[in-house]
Amino acid sequence: MTSRRHARCIGVMASVWLALASVTGAQAPDSPEVKAIVDLFAQYDRAFVAKDMEQLATFYHPDVTVYEGGGINPGWADYRDRHLGPELKAFNNLKFEHIKVVVRLIGADAAYVTAEYLLDATVDAKEVRSGGLATYVMIREDGRWIIRHSHTSSKRRAPA
């Protein structure tokens with residue numbers, strides 16, 4: 001690599017690093033935007049446990065992309081019909097919650113959220129104890145925060 005190309009590459013990497021550094025710090029937990037998003041996930045958890053598909057739909061953009069379980073669901077309808085809906089129907093004695101929710105605002109109408117989640121349920125008389133990591137890209141539309149992209153990874157938790 002020529003020294004000119006090398007210097008250009010370093011310049012680009014420094015610019016990207018500076019841009020990321022400006023948005024990656026978690027905002028004050030008492031800011032109204034951060035509180036609204038944290039509250040949204042508490043509401044989401046309640047709707048998930050209640051298996052309320054109509055309420056869950058309100059948390060997602062219609063064209064959401066969901067990366068989960070090694071697959072991709074393009075859009076809310078696909079996620080609802082081919083993944084989340086059948087999964088929730090199979091769960092009994094469901095417990096679900098997001099923990100360690102961290103919100104990072106990116107301008108006035110975008111944010112990304114990192115969290116851990118815990119899921120306990122019974123499926124066909126078999127106990128399922130799972131948890132994992134989640135990253136959400138949030139956008140604000142019509143004054144309301146919604147999920148535009150979701151990516152989760154899970155692993156089985158040891159029995160209690």
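Because the structure is a prediction, the values reported are computed rather than measured.
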How long is the straight-line distance from [atom2] of [Y] back to [atom1] of [X], given to the nearest 0.5 Å?
X	Y	atom1	atom2	value
M138	R148	CE	CZ	12.5 Å
E87	L119	CD	CG	7.5 Å
N92	K126	CG	NZ	14.5 Å
F48	L84	CZ	CG	5.5 Å
H61	I147	NE2	CD1	12.0 Å
R140	W145	CZ	CH2	4.5 Å

For a quick test of reading the model, state the closest non-hydrogen atom pair linking [X] to [Y] and the distance between them.
X	Y	value
V113	I37	CG2-CG2, 3.6 Å
L56	A47	CD2-CB, 3.8 Å
Y117	S153	OH-O, 3.5 Å
L94	V49	O-CG1, 3.6 Å
M53	W76	O-CZ2, 3.8 Å
T114	R104	OG1-NH1, 3.3 Å

query = CZ of R144: more than 12 outside heavy atoms within 6.0 angstrom?
reply =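 Atom CZ in R144 is crowded, with more than 12 foreign heavy atoms closer than 6.0 Å.
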message = Would the distance check show the side chain of H149 and the main-chain N or O of T65 forming a donor-acceptor pair, the cut-off being under 3.5 Å?
response = yes
query = Are the side chain of K95 and the backbone of D120 linked by a donor-acceptor contact shorter than 3.5 Å?
reply =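 No, because the side chain of K95 does not come within donor-acceptor range (under 3.5 Å) of the backbone of D120.
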task = Output, in order, the C-alpha distance, side-chain angles, deciding distance and verdict of side-chain contact (heavy atoms from CB on, under 4.5 Å) for V123 and F91.
result = CA-CA 5 Å; V123 177; F91 289 152; 3.4 Å; yes
request  = Show the numbers, then the answer: is there a side-chain contact (heavy atoms from CB on, under 4.5 Å) between I139 and I146?
outcome  = CA-CA 6 Å; I139 60 171; I146 56 175; 3.8 Å; yes
key: Within-4.5 Å side-chain heavy-atom neighbours: I106 and V137   = no
request  = Evaluate the ring planes of Y79 and H83, with Trp represented by its six-membered ring, and classify them as parallel (under 30°), tilted (30 to 60°) or perpendicular (over 60°).
outcome  = tilted
request  = Anything under 30° is parallel, anything over 60° is perpendicular, the rest tilted; go ahead and classify F41 against Y136.
outcome  =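 Geometry flag for Y136 against F41: tilted rings.
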